[in-house]
There are 2 protein chains.
Amino acid sequence: MKEITSQQQRVLDCIQIYLNKTGFPPTRADICKELGFKSPNSAETHLRALEKKGFISIEKGTSRGISITNNQEYPTNNDEYPVIGLVAAGSPTLAEENIEKTINCPNSFFESNFDYFLKVKGLSMKDAGIMEDDLIAVKKTTDVKNGDIVIARLEDEVTVKFFKRKSPKIVELEPANEEFENIIINLEQDELHIEGKSVGLLRKN
Amino acid sequence: MKEITSQQQRVLDCIQIYLNKTGFPPTRADICKELGFKSPNSAETHLRALEKKGFISIEKGTSRGISITNNQEYPTNNDEYPVIGLVAAGSPTLAEENIEKTINCPNSFFESNFDYFLKVKGLSMKDAGIMEDDLIAVKKTTDVKNGDIVIARLEDEVTVKFFKRKSPKIVELEPANEEFENIIINLEQDELHIEGKSVGLLRKN
DNA sequence: TATTATACTGTACATATATTCAGTATTTTT
DNA sequence: AAAAATACTGAATATATGTACAGTATAATA
């Protein structure tokens, strides 16, 4: 799948919105009307480009013969995802993976695929909109960037914080709540294990 | 919804199968080919009957302008839920239901069933863990209790707030952010329309 | 520097498609 | 028993629509 341009994205979005609204794909003229083009060939060339890049397929000689390609790298199936609870509050402890229950969820639900839900205890990330009992969709990975919300383990304690690398040896775990303090880790002295990062959040009222 | 005949059911199935296979609806000729009819008018009359009975809707003068009406008497496990955007920030305006896209989601995903996702603008509910661009699962209902997070409309303005009935005539809409002020509504003077209430939240990082 | 991709306008036309009209026949409803 | 709905064939046609061709212009790539 090659890169999409911003205009091609607009056309692709237009097709999707038209489909949602009407139940059938747009004509070239419909796209022009929607996006302000004055020639049907403007739509045509964009469609050809989108087809070439694999985002849509076009049935030749067929009116409205556009279909959006299921570009799923991850298939659109549902899966059972375990819900793992953090045991303690404040600086929470996991001890062992404790599956409370499972949730059936499309596996392409979030931007990235993920491995389990983590049930949040405490309010250390409340200013990031993460509240008690929220379910964080966690992708198991050690590839984290500054600003990512990470699930980190320090010995037996598991915590959810913003990740910030200060220097090659110093990592800071930053809460989103002024009542909590930053955790500063010197990697030469302490062992930090990144369990994964948040790729989404689920709350059930 | 009147009764469907067996032939009309065949036509309806044919449309659904064609849609699943190609991504766009069939023409009259396509239906004929599929079901063995020799005249496009055979398909036409069946389509008219199906439209009259409410199973489909037909866009006049539009090629392949058939869409199957959502008669969700038989709910499936997964459904497509529309994502509706709030246009302005602060005290946001909806104006008209603007379907940005749809999300495929199990229909028993939250405690209660729901009707659509509302994309949040602004931070007026941030202390309730509702951040910009979060998706609130909204159940259309006017049956709300004190403390519920409601989607309320005041004239053309749509807003998400805590619901609090002060007296039979006075309702207060309470934000979860000290930078915002309570909205006090005298039901005798102003018109308050409760669009629904939040039954869950979804965030995509 | 030449070439390809992107991003359009504008015209033209073959054909894909909806849709009407004229029939025939059977079943269901009033 | 008459009227309406169902279930078709067959032909005709206006128009909706895809698509090719001729241009112009800019940005990206080789």
Side-chain angles (χ1 to χ4, degrees), chain A residues 1-69 71, chain B residues 1-69 71:
Chain A
M1 190 82 61
K2 287 179 192 170
E3 242 179 62
I4 195 169
T5 68
S6 63
Q7 279 302 84
Q8 287 164 6
Q9 185 67 60
R10 282 184 72 209
V11 174
L12 189 59
D13 290 344
C14 172
I15 298 168
Q16 184 65 64
I17 290 166
Y18 195 100
L19 265 167
N20 291 341
K21 208 155 58 182
T22 66
F24 42 86
T27 64
R28 276 64 170 166
D30 291 329
I31 295 170
C32 289
K33 198 180 168 190
E34 213 64 42
L35 299 180
F37 301 151
K38 289 178 182 168
S39 165
N41 196 37
S42 300
E44 179 70 23
T45 49
H46 279 132
L47 291 175
R48 291 285 170 81
L50 284 166
E51 188 187 33
K52 202 174 171 185
K53 291 179 178 178
F55 291 99
I56 62 172
S57 72
I58 302 172
E59 192 72 15
K60 203 192 154 194
T62 303
S63 71
R64 301 173 188 272
I66 305 167
S67 60
I68 292 179
T69 307
N71 64 2
Chain B
M1 191 84 63
K2 288 179 190 170
E3 243 179 59
I4 196 170
T5 68
S6 63
Q7 279 301 87
Q8 287 164 6
Q9 185 68 60
R10 282 185 70 208
V11 174
L12 189 60
D13 290 345
C14 172
I15 297 167
Q16 186 65 66
I17 290 165
Y18 194 100
L19 264 167
N20 291 341
K21 206 157 57 183
T22 67
F24 42 86
T27 64
R28 277 64 170 164
D30 290 330
I31 296 170
C32 289
K33 197 180 168 190
E34 213 64 42
L35 299 180
F37 302 150
K38 289 179 184 171
S39 166
N41 195 38
S42 302
E44 180 70 23
T45 50
H46 279 132
L47 291 175
R48 292 284 171 83
L50 284 167
E51 189 187 31
K52 203 173 172 185
K53 292 180 178 178
F55 292 101
I56 62 172
S57 72
I58 302 171
E59 192 73 15
K60 203 191 153 196
T62 303
S63 70
R64 300 174 188 270
I66 306 166
S67 60
I68 293 180
T69 307
N71 85 31

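Because the structure is a prediction, the values reported are computed rather than measured. These values consider heavy atoms only, across backbone and side chains, with no hydrogens, waters or symmetry-generated copies.
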Q: Under 4.0 Å between a side-chain N/O of A/T45 and OP1 or OP2 of C/dT6, yes or no?
A: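 Answer is no, no contact under 4.0 Å.
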Q: Mind checking if A/R48 touches a base, just sugar-phosphate, or nothing, with heavy atoms under 4.0 Å?
A: sugar-phosphate
Q: Please give, in whole Å, the distance from C/dT19 C1' to B/E51 CD?
A: 13 Å
Q: Please confirm whether the backbone N or O of A/T27 pairs with a side-chain atom of A/D30, one donor and one acceptor, at under 3.5 Å?
A: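 It does hold such a pair.
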Q: I'd like the 5' and 3' limits of the part of DNA chain D contacted by chain A, with heavy-atom contacts below 4.0 Å.
A: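 Answer, 5' to 3': D/dT17 to D/dA22.
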Q: Is any side-chain heavy atom of A/R64 less than 4.5 Å from a side-chain heavy atom of A/L19?
A: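 Contact flag for A/R64/A/L19 side chains = no.
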Q: In whole Å, what is the span from the CZ atom of B/R64 to the P atom of C/dT19?
A: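 Value for this atom pair: 14 Å.
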Q: For C/dA16, does either OP1 or OP2 sit under 4.0 Å from a side-chain N or O belonging to B/S63?
A: no
Q: Give the minimum heavy-atom separation between B/P40 and B/C32, together with the two atoms involved.
A: CA-SG, 3.6 Å
Q: Please check the phosphate of C/dC8 (OP1 and OP2 only) for any side-chain N or O of A/Q7 closer than 4.0 Å.
A: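 Looking at the OP1 and OP2 atoms of C/dC8, one of them is under 4.0 Å from a side-chain N or O of A/Q7.
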Q: Do B/I66 and B/R28 come within less than 4.5 Å of each other through their side chains, counting heavy atoms only?
A: yes
Q: A/L35 has an atom CG; how far is it from atom P of C/dA7, in whole Å?
A: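 In whole Å, C/dA7 P and A/L35 CG are 12 Å from each other.
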Q: Select base, sugar-phosphate, or nothing to describe what B/T27 touches, counting heavy atoms under 4.0 Å on all strands.
A: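 Sugar-phosphate, no base atom in range.
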Q: Between the base of C/dT9 and the side chain of A/N41, is there a donor and acceptor pair under 3.5 angstrom?
A: yes
Q: Assuming nearest nucleotide by heavy-atom distance, tell me which of B/T62 and B/H46 is located more 5' along DNA chain D.
A: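 Residue closer to the 5' terminus by nearest nucleotide: B/H46.
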Q: Over how many whole Å does the gap from B/I66 atom CD1 to C/dT17 atom C1' extend?
A: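 Taking CD1 of B/I66 and C1' of C/dT17, I get 11 Å after rounding.
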Q: What is the distance, to the nearest angstrom, from the CZ atom on A/R28 to the C1' atom on C/dT15?
A: 14 Å
Q: Tell me, do B/I56 and B/Q8 make a side-chain contact under 4.5 Å, heavy atoms counted?
A: no
Q: Check A/S67 against B/T22 and note the closest heavy-atom contact, atom names and distance.
A: CB-O, 3.2 Å
Q: Go nucleotide by nucleotide along DNA chain D from the 5' end; which of B/P40 and B/T5 gets its closest nucleotide reached first?
A: B/T5
Q: Mind calculating the distance between CZ (B/F24) and P (C/dT17) to the nearest angstrom?
A: 9 Å
Q: Would you mind reporting whether B/E51 and B/L47 have side-chain heavy atoms less than 4.5 Å apart?
A: no
Q: Side-chain N or O of A/K52 less than 4.0 angstrom from OP1 or OP2 on C/dA5?
A: yes
